[in-house]
Amino acid sequence: MRVNYQLLITYYMVALALGAVLLSGSMGAAMLTGILLATLASLYFNLRVKDKIRLPPWLWSLAAAGVVLLFGLDYMAGSSKIVVIASKFLTVLLALKLFDIKSERDHRIVYAIVFFQLLATATVTVSPLFFLLLALFVLGAINGMTVFNISRSIKEQAQEHTGGSKSDAEGTIPPGLFNIPFFLFIVTVSTLSLIVTLALFFIIPRVGTGLLNRTPSSSTASTGFTESVEPGIIGEIKGDSTVVMRVEINGERVGLGPLYFRGTALERFDGRRWTRGDKEQSLIPSAGQSLFKIPNEDEPHSGLDTGPVIEMSILLEPISTEVLFVASRAEMVSGQFKNLWTDSSGSGSLYLSSPPYRRIKYRVWSRLPLPVSRLTPLKGLYNRTTEEKIVAAEDVVNKEVIAITEADRRLKKLVDEIVEGKESKLEKAVALRQYLLAGYSYTLNPLKGDGLNPTDDFLFFTRQGYCEQFATSFALMLRAAGIGSRLVTGYLQGEWNGFGKYYIIRQSDAHSWVEADIDGYGWIQFDPTPPGGLVPVAKRSDIMLYIDMLRMKWNRYVINYTFEDQRSAALKFEGGTRGLGKWLKDIYEGSIKKRPSRLLLPLIILALTVAVLLLYLKRIKKGKRADLPFYYSEMLGILKSEGKVRDDSETPMEFALRIGRPGVIEITEAFQKERYGGKRLESGEQAKVKRSLSRLKMERGKGRAA
């Protein structure tokens, strides 16, 4: 029986898709069993029944529409995640499509469904076997496309020779063309090509400097992260969903609240805008291997508990500011930066030499702050460097804030009432923050009141506003209570993408909060904004999150694959090689060296394997024949189906005369003229060959009927 090679490859691909579904665990046992039975039934249908029963085309369309409707209702009902539903939908669609395979186009559709099936299950399985399935899919797809292209070329050649239609060219594939040696050859070439491609991708050095690397690109707006901020600016970008960065967290972070990605710290306020107090910057020396250790002169007292240090990888989009965003207070930063700068005042803000022209990837080790509720009020406990900075900060505060105006008197009176009876600065700061959280509401469109200035208007008239108004009022209230304070701008942690296990941070996540200088603890983070201002503006659908995950992985592991990644991969490979060498050495010294006879069996197996392979290759080489014209190969196939095979000792004409049929002799004469005479068949001769082939097919059909 002649094997349908295209159908064989198609069911090979289907097996990979079902294997991926099994690994993902996204489908119940009953449903998976039903799909397996349907797949086996479709195989029987395609091999035995399809030529006898023709299903109407509308039946497939109706079934597909029903499947789409069914799973659409399932998604709207929210019974499971979109990726799980998509995986089930594609599996059912695949099982249905197997009953409707009529042409090469249908085979390609099956390939496409399998591809999207693998894509859908990629995010719900962590099994290493999935990568094996993916590699097998690539090899199968290459094999299938090769078969399709060769088949098309042969059919086009048949049309050219005979002048027939496409339907006449069907069935002209020489028997035995697509066989096991053909499959092994394609697999070998494909595997070697993939290995070479991957090797070149990982080995060719990544050059991260130079003019050509600074390609122009669209920058993300970054209003609010410069040397000055006016109230309302961050509120303006709250409706912008442009992605600023994506952040992967290495390890777990439990019970410490949302992440705050720090941008710029601003100390001076003139009643209208916040600016940096000290614009001098200090160069951070590199600690080697693109690693920068961030100086921090405001460490808490050595006897106090501090938050944990977490590691994160950040992919920052092109952004029109030189600010480098980090979570809380960074202790170390690793990235391909020429230089990294920080404020000379020790605020902890980090700056690049210039705004990035492209996406940049860097790693950050940050110490997260402990929640304020876990801090203990202290009195008289200072670090020497911290004490000096507190005195200097309070001198500036008193000169800048305590002015003789009606608004300032109202502010000072309110603060004195709130902090009355509170002894430590921590207790005062907590009381002021609680006052704002309890009595004020968050909105991006606050009303206009009768206050003498924006802060006075917010505190005593409208009692509603956005994060900048909460932060500005809180910072000024702290200063009125004699506590050093500064405004910090940056981003909240944004939206969690469960598919890729990272945070998506958009412009709409822009935020401002306050840092207060507290006895013994140094600068402590306070956020006076109510919870309503801390949630993402809009949650994205699972589909959009999945697409973003694909985009992030592509940018991370292909577009932004750097020399550092190459170095890390090389070190892992070197470590694995050493481990393998040690393992082999242990086996040799612990077993083989003591009893060399144990090597005998593996050597015998190896020798037999090599011998069988050589014999097989010799047989293939011996059985190879020169390429035959399609019509002569088809004639041989027809005669072979009748049990008539040409001996190796016979010439083509001797074989034709032995058969003794006019059509065979005519086709053989045309073959000898084209093969040995080097002449192309004329149109009349092509028509004659076509008639002879048709006559042979009719004779074979009559013989089978008899």
Side-chain angles (χ1 to χ4, degrees), residues 1-8 44-56 101-107 147-148 150-179 625-648 650-677 679-706:
M1 182 182 69
R2 183 176 176 181
V3 177
N4 188 327
Y5 195 73
Q6 292 181 350
L7 193 65
L8 182 64
Y44 179 81
F45 174 82
N46 284 302
L47 292 176
R48 299 288 186 181
V49 182
K50 185 172 66 174
D51 294 335
K52 301 175 184 178
I53 300 177
R54 292 287 182 179
L55 296 177
I101 298 178
K102 305 188 198 64
S103 63
E104 291 182 0
R105 177 175 174 272
D106 295 317
H107 287 280
V147 170
F148 290 144
I150 292 176
S151 301
R152 186 188 300 111
S153 299
I154 292 175
K155 292 173 184 177
E156 290 174 353
Q157 184 185 14
Q159 284 183 268
E160 183 181 346
H161 275 276
T162 61
S165 62
K166 274 189 174 182
S167 59
D168 295 330
E170 294 292 338
T172 59
I173 307 299
L177 174 61
F178 302 126
N179 50 22
R625 294 183 294 177
D627 294 336
L628 301 177
F630 78 95
Y631 55 85
Y632 189 72
S633 296
E634 187 173 6
M635 182 200 74
L636 293 178
I638 294 172
L639 295 176
K640 184 177 180 181
S641 66
E642 299 174 359
K644 300 170 183 177
V645 181
R646 181 166 73 92
D647 295 334
D648 292 338
E650 285 183 306
T651 65
M653 186 53 69
E654 286 174 345
F655 174 62
L657 293 174
R658 178 163 66 84
I659 299 300
R661 288 157 65 174
V664 175
I665 295 174
E666 290 173 356
I667 293 174
T668 303
E669 288 175 345
F671 163 66
Q672 292 189 140
K673 178 180 179 180
E674 187 172 6
R675 169 56 61 85
Y676 305 116
K679 298 180 181 179
R680 189 177 182 83
L681 298 182
E682 298 177 356
S683 58
E685 293 173 316
Q686 293 176 4
K688 186 178 179 180
V689 167
K690 180 183 177 184
R691 287 194 297 271
S692 297
L693 281 173
S694 299
R695 189 162 58 249
L696 287 175
K697 291 178 181 178
M698 291 176 60
E699 292 172 356
R700 179 179 62 178
K702 290 178 181 179
R704 288 180 177 175

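Values below: all heavy atoms of this structure, side chains included; hydrogens, waters and symmetry mates excluded.
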Close side-chain approach of Arg661 and Leu696, heavy atoms under 4.5 Å: yes
Pairwise distance CD(Glu634) to CG(Leu636) - rounded to 0.5 angstrom: 10.5 Å
Which atoms form the tightest heavy-atom contact between Arg646 and Arg658, and what is the distance? CA-NH2, 4.3 Å
Show me the side-chain donor-acceptor pairs of residues 664-672 shorter than 3.5 Å, one per line, residues at least two apart or across chains.
{"residue": "Glu666", "atom": "OE1", "partner": "Ser692", "partner atom": "OG", "Å": "2.6"}
{"residue": "Glu666", "atom": "OE1", "partner": "Arg695", "partner atom": "NH2", "Å": "3.4"}
{"residue": "Thr668", "atom": "OG1", "partner": "Val664", "partner atom": "O", "Å": "2.7"}

Using the test salt bridge (Lys or Arg N to Asp or Glu O under 4.0 Å), find all partners of Glu104 that sit at least two apart in sequence or belong to another chain. Arg108, Lys155
Are more than 12 heavy atoms, taken from residues, nucleotides or ligands other than Lys688, located less than 6.0 Å from that residue's NZ atom? no
Among residues at least two apart in sequence or on other chains, which ones pass side-chain hydrogen bond (donor to acceptor under 3.5 Å, both in side chains) with Lys644? none
If you take all heavy atoms of Phe655 and Val645, which pair is closest and at what distance? CE1-C, 3.7 Å
Output all residues satisfying side-chain contact (heavy atoms from CB on, under 4.5 Å) with Glu654, sequence neighbours left out; order by chain, then residue number. Glu650, Thr651
Once rounded to the nearest 0.5 Å, what's the spacing between atom CD1 of Ile659 and atom CG of Leu639? 5.5 Å
